[in-house]
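Below: the structure, in structure tokens.
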Amino acid sequence: WTVINGSWTIAGDGSSATQSSHSGLKPFLLVSATAYTNVILSGTVNASSSDDDMFGWVMGLSNPTSSDVSDYSFILMDWKKEDQTSSGVTGREGHCLSKVNGSFSGSSDMLNYFFGRTDTGIDGKFNVLNTNYGSSEGWAQNTSYAFEISYTESKVKVVIGGNTIFEESGSFSSGKVGFYMYSQDDVTFSNISLTTDFDPSSI
């Protein structure tokens with residue numbers, strides 16, 4: 001695993017990782033050392049913090065490569081605990097699947113897009129592909145959720161707790177996969193597994 005930013009504690013065998021920092025408005029990323037075209041990322045996730053913001057997963061990541069790179073390029077699936085408004089921007093409870101491709105700088109950019117999930121359209125730098133918002137769609141504190149994120153050239157499929165949240169068809173580029181947090185601390189991803197030996201057409 002490669003730390004892009006954040007304060008990650010990673011098990012020696014790479015099977016678990018915890019992010020403990022809450023400072024700043026920049027997304028915290030931990031990604032695979034290798035880029036994949038067809039991959040399944042699975043495991044469990046548990047948030048022990050009483051905070052109410054976002055954690056999630058990234059796929060097809062080519063940027064950023066370090067904490068001082070402002071160009072972002074990846075598919076993002078994030079999950080927010082509950083509705084919240086900050087500086088006039090509302091982050092909705094539930095899940096959001098987005099295509100991120102552009103330059104992001106400054107707290108206003110970060111808040112509008114990574115907190116508010118502001119859609120700039122298919123040719124914009126933050127393209128919302130699908131949402132699953134609602135008063136019962138947020139994550140719960142101290143609760144373990146099994147997840148399976150399937151990423152192929154033609155589909156993204158997100159299964160959490162045995163429920164299919166998103167199954168989005170399209171054209172998706174090769175890239176790194178991993179974990180994401182925004183304004184959220186004390187989230188542990190465990191039992192992490194990467195699977196590449198499968199038939200993509202079966203997803």
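What you see below is based on every heavy atom in this structure, not just the backbone, and it leaves out hydrogens, waters and symmetry mates.
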Check: OG/Ser98 to CG/Asp78 distance, rounded to the nearest 0.5 angstrom?
Finding: 6.0 Å

Checklist line | Leu97-Val159 co-clustered via ILVMFWY side chain contacts under 4.5 Å | finding: no

Check: If only atom types and distance count, is the side chain of Ser62 paired as donor or acceptor with the main-chain N or O of Gly175 below 3.5 Å?
Finding: no

Next item on the list: Give the ring-plane orientation class for Trp57 versus Phe189, where under 30° counts as parallel, over 60° as perpendicular and anything between as tilted.
Entry: perpendicular

Item checked: Minimum heavy-atom distance between Trp8 and Leu30, given as atom pair plus value -> CE2-CB, 3.6 Å

Item checked: Distance-only donor-acceptor check, side chains Thr85 and Thr90, under 3.5 Å -> yes

Next item on the list: Would you please indicate if the ring centroids of Phe114 and Phe126 are separated by under 6.0 Å?
Entry: yes

Checklist line | Asn127 CG to Leu129 CG distance, which is reported to the nearest 0.5 Å | finding: 5.0 Å

Check: Does Asp109 come within less than 4.0 Å of Lys125, counting only side-chain N to carboxylate O?
Finding: yes

Notebook entry, point to check: Step by step, would you call Asn46 with Val187 a side chain to side chain contact (heavy atoms under 4.5 Å, CB included)?
Noted result: CA-CA 6 Å; Asn46 187 302; Val187 175; over 6 Å; no

Next item on the list: First locate atom CH2 of Trp139, then atom CD of Gln141, and finally report the distance between them rounded to the nearest 0.5 Å.
Entry: 6.5 Å

Checklist line | Exercise: do Ser21 and Ser23 side chains pair donor with acceptor under 3.5 Å | finding: yes

Margin query: Taking the ring of Tyr180 and the ring of Phe55, is the distance between their centroids below 6.0 Å?
Written below: no

Checklist line | Exercise: do Ser66 and Asp68 side chains pair donor with acceptor under 3.5 Å | finding: yes

Check: What are the two closest non-hydrogen atoms of Ala146 and Thr44, and how far apart are they?
Finding: CA-CG2, 4.1 Å

Item checked: Contact summary for Met110 and Pro27, nearest pair of heavy atoms -> SD-CD, 3.7 Å

Next item on the list: Tell me whether Ile160 is reachable from Ile203 by hopping between hydrophobic residues (I, L, V, M, F, W, Y) whose side-chain heavy atoms are closer than 4.5 Å.
Entry: no

Note to self: With clusters defined by side-chain heavy atoms of hydrophobic residues (ILVMFWY) lying less than 4.5 Å apart, directly or transitively, does Ile149 cluster with Ile40?
What the structure shows: no

Check: Excluding sequence neighbours, so at least two apart, what forms salt bridge (Lys or Arg N to Asp or Glu O under 4.0 Å) with Asp52?
Finding: none

Notebook entry, point to check: Can a salt bridge be assigned to the pair Lys155 and Glu167 using a cut-off of 4.0 Å between side-chain N and carboxylate O?
Noted result: yes

Notebook entry, point to check: Parallel, tilted or perpendicular: which describes the rings of His95 and Trp79, with under 30° parallel and over 60° perpendicular?
Noted result: parallel

Check: Relative to the ring of Phe179, is the ring of Trp1 parallel (under 30°), tilted (30 to 60°) or perpendicular (over 60°)?
Finding: tilted

Check: Can you tell me how far the CG atom of Asn132 sits from the CD atom of Glu137, to the nearest 0.5 Å?
Finding: 4.0 Å

Check: Hey, quick one: are Val156 and Leu76 part of the same hydrophobic cluster, counting side-chain heavy atoms closer than 4.5 Å, chains of contacts allowed?
Finding: no

Note to self: Could you check whether Lys81 pairs with Asp53 (Lys NZ or Arg NE/NH1/NH2 to Asp/Glu carboxylate O, under 4.0 Å)?
What the structure shows: no

Item checked: CA sep, side-chain torsions, deciding dist, call: Lys176, Thr34, side chain to side chain contact (heavy atoms under 4.5 Å, CB included) -> CA-CA 6 Å; Lys176 298 180 179 182; Thr34 303; over 6 Å; no

Notebook entry, point to check: Per the side chain to side chain contact (heavy atoms under 4.5 Å, CB included) rule, which among Tyr36, Phe74, Tyr151 passes with Met59?
Noted result: Tyr151

Next item on the list: Verify the distance criterion only: is there a donor paired with an acceptor across the side chains of Thr18 and Thr188 at less than 3.5 Å?
Entry: yes

Note to self: A side-chain contact here means heavy atoms from C-beta on lying under 4.5 Å apart; do Leu111 and Ser86 qualify?
What the structure shows: yes

Next item on the list: Taking all non-hydrogen atoms of both residues into account, name the closest pair between Asn5 and Ser67 and its distance.
Entry: CB-CB, 4.0 Å

Next item on the list: Return the minimal non-hydrogen interatomic distance between Phe172 and Thr152, and the atom names on each side.
Entry: CB-O, 3.5 Å

Next item on the list: Take atom CG of Asp199 as the centre, draw a 6.0 Å sphere, and report whether it contains more than 12 heavy atoms from other residues, nucleotides or ligands.
Entry: yes

Check: When rounded to the nearest 0.5 angstrom, what distance separates CE in Met54 from CD in Gln84?
Finding: 8.5 Å

Notebook entry, point to check: Can any side-chain N or O of Thr131 pair as donor or acceptor with the backbone N or O of Cys96 at less than 3.5 Å?
Noted result: no

Check: Quick one: do the Ser20 and Asp185 side chains pair a donor with an acceptor below 3.5 Å?
Finding: no

Next item on the list: Take Tyr133 and Arg117 through the test side chain to side chain contact (heavy atoms under 4.5 Å, CB included) and record every step on the way to the result.
Entry: CA-CA 12 Å; Tyr133 297 148; Arg117 291 108 144 202; 3.6 Å; yes

Checklist line | CG-OG distance between Leu25 and Ser107, expressed to the nearest 0.5 angstrom | finding: 6.0 Å

Item checked: For the student: nearest non-hydrogen atoms of Ser73 and Asn101, plus distance -> OG-OD1, 3.6 Å

Next item on the list: May I ask whether Val31 and Val158 are part of the same hydrophobic cluster, defined by side-chain heavy atoms of I, L, V, M, F, W, Y residues being less than 4.5 angstrom apart, directly or through others?
Entry: no

Next item on the list: Starting from the C-alpha separation in whole Å, work towards a yes-or-no answer on side chain to side chain contact (heavy atoms under 4.5 Å, CB included) for Leu29 and Leu61.
Entry: CA-CA 10 Å; Leu29 298 166; Leu61 181 145; 4.2 Å; yes

Next item on the list: Among Phe115, Tyr182, Tyr72, find the one that has a ring-ring contact (aromatic ring centres under 6.0 Å, His included) with Phe104.
Entry: Tyr72

Next item on the list: Could you check Asp51 against Ser49 for side-chain hydrogen bond (donor to acceptor under 3.5 Å, both in side chains), going step by step and ending with a plain yes or no?
Entry: CA-CA 5 Å; Asp51 198 16; Ser49 170; 5.2 Å; no

Note to self: A side-chain contact here means heavy atoms from C-beta on lying under 4.5 Å apart; do Ser7 and Gln19 qualify?
What the structure shows: yes

